[in-house]
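Have a look at the structure below, then the notes.
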Number of protein chains: 2
Amino acid sequence: MRIGELARRAGVSPRALRYYEQRGLIRSRRSANGYREYDESDVRIVTEIRELMSVGFTLDDARPFVDCLRSGHSSGGSCPESVAVYRRKLAEIDRQIRDLLARRSEVAAQFADACPGCLLTRRGES
Amino acid sequence: MRIGELARRAGVSPRALRYYEQRGLIRSRRSANGYREYDESDVRIVTEIRELMSVGFTLDDARPFVDCLRSGHSSGGSCPESVAVYRRKLAEIDRQIRDLLARRSEVAAQFADACPGCLLTRRGES
DNA sequence: CTTGACCTTGTCACCGGCGTCAAGCTTTAC
DNA sequence: GTAAAGCTTGACGCCGGTGACAAGGTCAAG
(Lines give C-alpha, C1' and ligand atoms only; values in the text may rest on other atoms or scores of the structure.)
Protein backbone atom coordinates (compact mmCIF):
# COMPACT_ATOMS: atom_id res chain seq x y z
CA MET A 1 0.00 0.00 0.00
CA ARG A 2 1.05 3.61 -0.39
CA ILE A 3 1.48 6.30 2.22
CA GLY A 4 -2.08 7.60 2.13
CA GLU A 5 -3.60 4.21 2.87
CA LEU A 6 -1.12 3.46 5.64
CA ALA A 7 -1.89 6.85 7.12
CA ARG A 8 -5.63 6.19 7.06
CA ARG A 9 -5.28 2.72 8.52
CA ALA A 10 -2.97 3.79 11.30
CA GLY A 11 -4.79 7.01 12.04
CA VAL A 12 -1.93 9.41 11.35
CA SER A 13 -1.12 11.95 8.67
CA PRO A 14 1.14 11.17 5.70
CA ARG A 15 3.31 13.99 6.98
CA ALA A 16 3.80 12.15 10.27
CA LEU A 17 4.79 8.96 8.46
CA ARG A 18 7.45 10.77 6.45
CA TYR A 19 8.72 12.22 9.69
CA TYR A 20 8.88 8.81 11.33
CA GLU A 21 10.85 7.57 8.35
CA GLN A 22 13.19 10.53 8.57
CA ARG A 23 13.72 9.69 12.23
CA GLY A 24 14.48 6.08 11.35
CA LEU A 25 11.40 4.48 12.91
CA ILE A 26 9.86 3.11 9.76
CA ARG A 27 11.34 2.21 6.39
CA SER A 28 9.80 2.17 2.97
CA ARG A 29 10.36 0.38 -0.29
CA ARG A 30 9.96 2.58 -3.33
CA SER A 31 7.97 1.62 -6.40
CA ALA A 32 9.17 2.53 -9.90
CA ASN A 33 7.60 6.00 -9.80
CA GLY A 34 9.20 6.86 -6.48
CA TYR A 35 6.13 6.31 -4.32
CA ARG A 36 6.64 4.73 -0.90
CA GLU A 37 5.34 1.18 -0.57
CA TYR A 38 4.27 -0.40 2.72
CA ASP A 39 2.86 -3.72 3.93
CA GLU A 40 0.92 -5.08 6.89
CA SER A 41 3.91 -5.12 9.22
CA ASP A 42 4.22 -1.37 8.82
CA VAL A 43 0.63 -0.93 9.92
CA ARG A 44 1.48 -2.89 13.05
CA ILE A 45 4.57 -0.81 13.71
CA VAL A 46 2.88 2.55 13.26
CA THR A 47 -0.02 1.41 15.43
CA GLU A 48 2.45 0.48 18.15
CA ILE A 49 4.15 3.86 17.88
CA ARG A 50 0.82 5.67 18.19
CA GLU A 51 -0.20 3.63 21.17
CA LEU A 52 3.02 4.51 22.92
CA MET A 53 2.77 8.17 22.02
CA SER A 54 -0.76 8.31 23.38
CA VAL A 55 0.63 7.63 26.82
CA GLY A 56 3.40 10.18 26.54
CA PHE A 57 6.29 8.30 24.95
CA THR A 58 8.55 10.17 22.53
CA LEU A 59 9.61 8.78 19.18
CA ASP A 60 12.99 7.88 20.62
CA ASP A 61 11.27 6.02 23.43
CA ALA A 62 9.34 4.04 20.83
CA ARG A 63 12.39 2.93 18.89
CA PRO A 64 13.20 -0.18 20.98
CA PHE A 65 9.59 -1.32 20.60
CA VAL A 66 9.80 -1.00 16.84
CA ASP A 67 13.07 -2.94 16.79
CA CYS A 68 11.44 -5.58 18.97
CA LEU A 69 8.55 -6.00 16.55
CA ARG A 70 10.92 -6.13 13.60
CA SER A 71 12.98 -8.86 15.20
CA GLY A 72 9.92 -11.09 15.11
CA HIS A 73 8.34 -10.66 18.51
CA SER A 74 4.58 -10.52 18.55
CA SER A 75 4.64 -7.77 21.16
CA GLY A 76 6.86 -4.71 20.94
CA GLY A 77 7.19 -4.52 24.69
CA SER A 78 8.57 -7.95 25.39
CA CYS A 79 12.23 -7.27 24.60
CA PRO A 80 14.63 -6.28 27.40
CA GLU A 81 15.25 -2.87 25.86
CA SER A 82 11.54 -2.12 25.77
CA VAL A 83 11.14 -3.26 29.33
CA ALA A 84 13.90 -0.89 30.31
CA VAL A 85 12.06 1.94 28.59
CA TYR A 86 8.84 1.01 30.38
CA ARG A 87 10.64 1.12 33.72
CA ARG A 88 12.32 4.38 32.86
CA LYS A 89 9.05 5.99 31.82
CA LEU A 90 7.28 4.81 34.93
CA ALA A 91 10.07 6.21 37.07
CA GLU A 92 9.94 9.43 35.05
CA ILE A 93 6.19 9.76 35.55
CA ASP A 94 6.60 9.09 39.25
CA ARG A 95 9.21 11.80 39.43
CA GLN A 96 6.97 14.23 37.58
CA ILE A 97 4.13 13.47 39.95
CA ARG A 98 6.36 14.10 42.94
CA ASP A 99 7.60 17.34 41.40
CA LEU A 100 4.08 18.51 40.75
CA LEU A 101 2.99 17.70 44.27
CA ALA A 102 5.97 19.62 45.63
CA ARG A 103 5.21 22.48 43.28
CA ARG A 104 1.62 22.53 44.30
CA SER A 105 2.50 23.01 47.92
CA GLU A 106 5.05 25.68 47.02
CA VAL A 107 2.42 27.56 45.06
CA ALA A 108 -0.08 27.18 47.87
CA ALA A 109 2.53 28.40 50.32
CA GLN A 110 3.40 31.45 48.19
CA PHE A 111 -0.30 32.10 47.78
CA ALA A 112 -0.97 31.90 51.50
CA ASP A 113 2.02 34.12 52.10
CA ALA A 114 1.03 36.78 49.58
CA CYS A 115 -2.64 36.79 50.42
CA PRO A 116 -3.41 35.47 53.90
CA GLY A 117 -6.96 34.22 54.12
CA CYS A 118 -7.40 33.70 50.36
CA LEU A 119 -6.69 30.00 50.58
CA LEU A 120 -9.03 29.27 53.45
CA THR A 121 -12.18 28.96 51.39
CA ARG A 122 -11.59 26.50 48.58
CA ARG A 123 -8.96 23.87 47.86
CA GLY A 124 -8.01 21.62 44.97
CA GLU A 125 -10.97 22.54 42.76
CA SER A 126 -11.32 18.84 42.09
CA MET B 1 22.19 50.54 37.98
CA ARG B 2 22.82 48.98 34.58
CA ILE B 3 21.68 45.66 33.21
CA GLY B 4 24.66 43.63 34.38
CA GLU B 5 24.22 44.62 38.00
CA LEU B 6 20.49 44.03 37.95
CA ALA B 7 21.16 40.63 36.40
CA ARG B 8 23.64 39.73 39.12
CA ARG B 9 21.40 40.93 41.92
CA ALA B 10 18.33 39.15 40.61
CA GLY B 11 20.16 36.00 39.59
CA VAL B 12 19.32 36.09 35.89
CA SER B 13 21.21 36.77 32.68
CA PRO B 14 21.22 40.14 30.95
CA ARG B 15 19.73 38.33 27.98
CA ALA B 16 16.77 37.26 30.10
CA LEU B 17 16.22 40.83 31.26
CA ARG B 18 16.13 42.12 27.68
CA TYR B 19 13.67 39.39 26.91
CA TYR B 20 11.46 40.36 29.83
CA GLU B 21 11.51 43.93 28.59
CA GLN B 22 10.59 42.82 25.09
CA ARG B 23 7.69 40.92 26.58
CA GLY B 24 6.59 43.99 28.45
CA LEU B 25 7.30 42.75 31.97
CA ILE B 26 9.97 45.26 32.89
CA ARG B 27 10.74 48.74 31.58
CA SER B 28 13.98 50.65 31.44
CA ARG B 29 15.07 54.25 31.41
CA ARG B 30 17.96 54.93 29.06
CA SER B 31 21.00 56.95 29.99
CA ALA B 32 22.68 59.31 27.53
CA ASN B 33 24.78 56.60 25.95
CA GLY B 34 21.82 54.32 25.34
CA TYR B 35 22.49 51.96 28.29
CA ARG B 36 19.47 50.68 30.22
CA GLU B 37 19.11 52.13 33.72
CA TYR B 38 17.30 50.38 36.58
CA ASP B 39 16.51 51.03 40.23
CA GLU B 40 15.60 49.07 43.34
CA SER B 41 11.99 48.53 42.34
CA ASP B 42 13.19 46.65 39.28
CA VAL B 43 15.20 44.31 41.49
CA ARG B 44 12.03 43.60 43.40
CA ILE B 45 10.04 42.98 40.22
CA VAL B 46 12.58 40.65 38.65
CA THR B 47 12.94 38.76 41.92
CA GLU B 48 9.18 38.28 41.99
CA ILE B 49 9.21 37.02 38.41
CA ARG B 50 11.94 34.52 39.21
CA GLU B 51 10.17 33.28 42.28
CA LEU B 52 7.04 32.64 40.26
CA MET B 53 8.95 30.95 37.46
CA SER B 54 10.66 28.67 39.94
CA VAL B 55 7.27 27.15 40.73
CA GLY B 56 6.29 26.78 37.10
CA PHE B 57 4.63 30.09 36.21
CA THR B 58 5.10 31.44 32.69
CA LEU B 59 6.00 35.06 31.98
CA ASP B 60 2.40 35.76 31.07
CA ASP B 61 1.30 34.29 34.37
CA ALA B 62 3.68 36.65 36.13
CA ARG B 63 2.37 39.81 34.49
CA PRO B 64 -0.48 40.50 36.96
CA PHE B 65 1.98 40.15 39.81
CA VAL B 66 4.28 42.71 38.25
CA ASP B 67 1.39 45.11 37.68
CA CYS B 68 0.35 44.59 41.27
CA LEU B 69 3.81 45.52 42.54
CA ARG B 70 3.93 48.54 40.24
CA SER B 71 0.61 49.80 41.55
CA GLY B 72 2.17 50.13 44.97
CA HIS B 73 1.28 46.91 46.73
CA SER B 74 3.99 45.45 48.88
CA SER B 75 3.16 41.96 47.69
CA GLY B 76 2.66 41.03 44.06
CA GLY B 77 0.14 38.37 44.93
CA SER B 78 -2.37 40.45 46.83
CA CYS B 79 -4.28 41.88 43.86
CA PRO B 80 -7.43 40.14 42.61
CA GLU B 81 -5.86 39.37 39.23
CA SER B 82 -2.90 37.66 40.89
CA VAL B 83 -5.20 35.69 43.13
CA ALA B 84 -7.06 34.52 40.05
CA VAL B 85 -3.77 33.35 38.53
CA TYR B 86 -2.89 31.52 41.74
CA ARG B 87 -6.21 29.71 41.66
CA ARG B 88 -5.86 28.91 37.98
CA LYS B 89 -2.36 27.54 38.43
CA LEU B 90 -3.39 25.40 41.37
CA ALA B 91 -6.25 23.98 39.33
CA GLU B 92 -3.87 23.44 36.42
CA ILE B 93 -1.38 21.60 38.60
CA ASP B 94 -4.16 19.46 40.01
CA ARG B 95 -5.25 18.59 36.51
CA GLN B 96 -1.71 17.71 35.49
CA ILE B 97 -1.36 15.48 38.53
CA ARG B 98 -4.57 13.69 37.67
CA ASP B 99 -3.42 13.28 34.06
CA LEU B 100 -0.09 11.87 35.14
CA LEU B 101 -1.73 9.42 37.52
CA ALA B 102 -4.01 8.25 34.73
CA ARG B 103 -1.06 8.00 32.38
CA ARG B 104 0.91 6.05 34.89
CA SER B 105 -1.76 3.40 35.14
CA GLU B 106 -2.10 3.27 31.36
CA VAL B 107 1.62 2.72 30.98
CA ALA B 108 1.58 0.11 33.72
CA ALA B 109 -1.35 -1.60 32.01
CA GLN B 110 0.40 -1.62 28.63
CA PHE B 111 3.52 -2.90 30.33
CA ALA B 112 1.68 -5.69 32.09
CA ASP B 113 -0.05 -6.52 28.84
CA ALA B 114 3.11 -6.60 26.76
CA CYS B 115 5.24 -8.40 29.30
CA PRO B 116 3.24 -10.37 31.86
CA GLY B 117 5.23 -10.90 34.99
CA CYS B 118 7.62 -8.00 34.44
CA LEU B 119 5.69 -5.68 36.71
CA LEU B 120 5.34 -8.07 39.62
CA THR B 121 8.67 -7.33 41.22
CA ARG B 122 9.07 -3.61 41.69
CA ARG B 123 6.73 -0.63 41.71
CA GLY B 124 7.07 3.13 41.87
CA GLU B 125 10.84 3.16 42.33
CA SER B 126 10.23 5.75 45.02
C1' DC C 1 -7.32 16.16 -22.90
C1' DT C 2 -8.29 17.55 -18.55
C1' DT C 3 -9.50 17.44 -13.92
C1' DG C 4 -8.56 15.99 -9.52
C1' DA C 5 -6.61 12.91 -6.21
C1' DC C 6 -2.50 11.31 -4.81
C1' DC C 7 2.43 11.30 -4.53
C1' DT C 8 7.39 13.63 -4.20
C1' DT C 9 11.04 16.82 -1.77
C1' DG C 10 11.93 20.99 0.68
C1' DT C 11 10.99 24.73 3.61
C1' DC C 12 8.87 27.74 7.09
C1' DA C 13 6.08 28.13 11.44
C1' DC C 14 4.81 26.97 16.05
C1' DC C 15 5.61 27.23 21.46
C1' DG C 16 8.84 29.34 25.76
C1' DG C 17 12.66 31.12 27.47
C1' DC C 18 16.24 32.06 26.68
C1' DG C 19 21.85 30.81 24.84
C1' DT C 20 24.95 32.32 21.69
C1' DC C 21 27.17 34.72 18.17
C1' DA C 22 27.97 39.00 15.24
C1' DA C 23 29.48 43.62 14.77
C1' DG C 24 30.03 47.70 16.78
C1' DC C 25 29.78 51.19 20.61
C1' DT C 26 31.36 52.90 25.76
C1' DT C 27 33.43 52.67 29.87
C1' DT C 28 36.84 51.06 33.13
C1' DA C 29 41.31 49.51 34.72
C1' DC C 30 46.11 49.54 34.27
C1' DG D 1 47.06 54.43 25.09
C1' DT D 2 45.09 50.11 25.04
C1' DA D 3 42.96 46.02 26.28
C1' DA D 4 39.22 44.00 28.66
C1' DA D 5 34.77 44.13 30.22
C1' DG D 6 30.20 45.72 29.48
C1' DC D 7 26.72 47.66 26.69
C1' DT D 8 23.69 47.94 22.18
C1' DT D 9 20.52 45.66 18.42
C1' DG D 10 19.54 41.78 15.43
C1' DA D 11 19.17 37.24 14.24
C1' DC D 12 19.60 32.15 14.43
C1' DG D 13 19.15 27.76 17.25
C1' DC D 14 16.90 24.56 20.37
C1' DC D 15 13.22 20.88 21.42
C1' DG D 16 9.02 17.59 19.43
C1' DG D 17 5.85 16.55 16.36
C1' DT D 18 3.80 17.87 13.21
C1' DG D 19 0.61 21.58 9.99
C1' DA D 20 0.77 24.07 6.02
C1' DC D 21 2.49 25.56 1.82
C1' DA D 22 5.28 25.51 -2.64
C1' DA D 23 6.21 23.51 -6.94
C1' DG D 24 6.20 19.81 -9.21
C1' DG D 25 5.49 14.41 -10.96
C1' DT D 26 1.91 10.47 -11.66
C1' DC D 27 -2.09 8.15 -12.56
C1' DA D 28 -7.18 6.87 -13.15
C1' DA D 29 -11.69 8.37 -14.55
C1' DG D 30 -14.64 10.99 -17.56
Side-chain angles (χ1 to χ4, degrees), chain A residues 1-39 42 45-66 85 88-89 92-93 96 99 103, chain B residues 1-39 42 45-66 85 88-89 92-93 96 99 103:
Chain A
M1 79 197 74
R2 295 180 308 191
I3 199 170
E5 189 181 343
L6 175 57
R8 245 172 288 117
R9 292 187 53 188
V12 303
S13 65
R15 175 72 181 85
L17 293 176
R18 294 193 195 98
Y19 182 62
Y20 297 165
E21 178 173 325
Q22 188 190 336
R23 295 288 303 271
L25 286 152
I26 57 178
R27 299 166 198 157
S28 57
R29 279 70 59 198
R30 296 300 181 114
S31 46
N33 54 20
Y35 287 11
R36 290 174 175 82
E37 272 300 326
Y38 302 98
D39 59 28
D42 295 308
I45 288 175
V46 176
T47 303
E48 178 94 5
I49 293 174
R50 289 270 103 186
E51 211 163 327
L52 292 168
M53 292 188 69
S54 77
V55 294
F57 283 47
T58 68
L59 288 180
D60 283 341
D61 291 331
R63 190 159 288 139
F65 292 78
V66 173
V85 173
R88 187 165 52 71
K89 292 307 270 190
E92 196 175 307
I93 292 173
Q96 288 173 0
D99 288 352
R103 202 147 93 179
Chain B
M1 77 196 76
R2 295 181 307 191
I3 199 168
E5 189 181 344
L6 174 57
R8 244 172 289 117
R9 292 187 51 186
V12 303
S13 65
R15 176 69 181 90
L17 293 176
R18 294 191 196 100
Y19 181 63
Y20 297 165
E21 178 173 325
Q22 186 191 338
R23 295 289 303 272
L25 285 154
I26 58 178
R27 299 167 197 156
S28 57
R29 279 71 59 199
R30 298 299 182 112
S31 47
N33 54 17
Y35 286 11
R36 290 173 175 81
E37 271 300 325
Y38 302 97
D39 58 28
D42 295 308
I45 288 175
V46 176
T47 303
E48 178 93 6
I49 293 173
R50 287 271 104 186
E51 211 164 327
L52 292 168
M53 292 188 69
S54 77
V55 294
F57 283 46
T58 67
L59 288 180
D60 282 342
D61 291 331
R63 191 160 289 137
F65 293 77
V66 173
V85 173
R88 187 166 53 71
K89 292 307 272 189
E92 196 176 307
I93 291 173
Q96 288 173 358
D99 289 351
R103 202 149 93 180

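The sequence lines fix the lettering, A, B, ..., with proteins before strands; numbering per chain opens at 1. Please read these numbers as outputs of a predicted model, since none were measured by experiment.
Nucleotides of DNA chain C with any atom under 4.0 Å from a heavy atom of chain A span, from 5' to 3', C/dC6 to C/dT11.
Taking the side chain to side chain contact (heavy atoms under 4.5 Å, CB included) definition, one finds that A/Gln96 meets it with A/Glu92, B/Leu100, B/Arg103, sequence neighbours left out. With sequence neighbours left out, the salt bridge (charged side-chain N to carboxylate O under 4.0 Å, His left out) criterion links A/Arg2 to no other residue. In this structure, B/Ser54 has no side chain to side chain contact (heavy atoms under 4.5 Å, CB included) partners at least two apart in sequence or on a different chain. Shown here are the side-chain hydrogen bond (donor to acceptor under 3.5 Å, both in side chains) partners of B/Arg15, two or more places apart in sequence or in another chain: there are none. Scored by the side chain to side chain contact (heavy atoms under 4.5 Å, CB included) test, A/Arg8 finds A/Glu5 as partners (sequence neighbours excluded). Residues that satisfy the side-chain hydrogen bond (donor to acceptor under 3.5 Å, both in side chains) test with A/Tyr19, not counting sequence neighbours, are A/Arg23. By the side-chain hydrogen bond (donor to acceptor under 3.5 Å, both in side chains) test, A/Glu48 is found to be paired with A/Arg44, residues two or more places apart in sequence or in another chain being considered. Shown here are the side-chain hydrogen bond (donor to acceptor under 3.5 Å, both in side chains) partners of B/Asp61, two or more places apart in sequence or in another chain: B/Thr58, B/Arg88, B/Lys89. Qualifying side chain to side chain contact (heavy atoms under 4.5 Å, CB included) partners for B/Arg18, counting only residues two or more places apart in sequence or in other chains: B/Ile3, B/Pro14, B/Arg36.
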- request: Scan nucleotides 9-20 of chain D nucleotide by nucleotide, 5' to 3', and note B when protein non-hydrogen atoms come under 4.0 Å of the base, S if they reach only the sugar-phosphate, - if neither.
  value: B-B-----BBBB
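A close approach under 4.0 Å does not occur between any side-chain nitrogen or oxygen of B/Asn33 and OP1 or OP2 of D/dT8.
The terminal axes of the helix from C/dC1-D/dG30 to C/dC30-D/dG1, fitted over 5 pairs per end, subtend an angle of 30° to the nearest 10°.
Side chain of A/Glu37 to main chain of A/Arg30: no donor-acceptor pair is present (N/O by atom type, distance under 3.5 Å, no hydrogens or angles).
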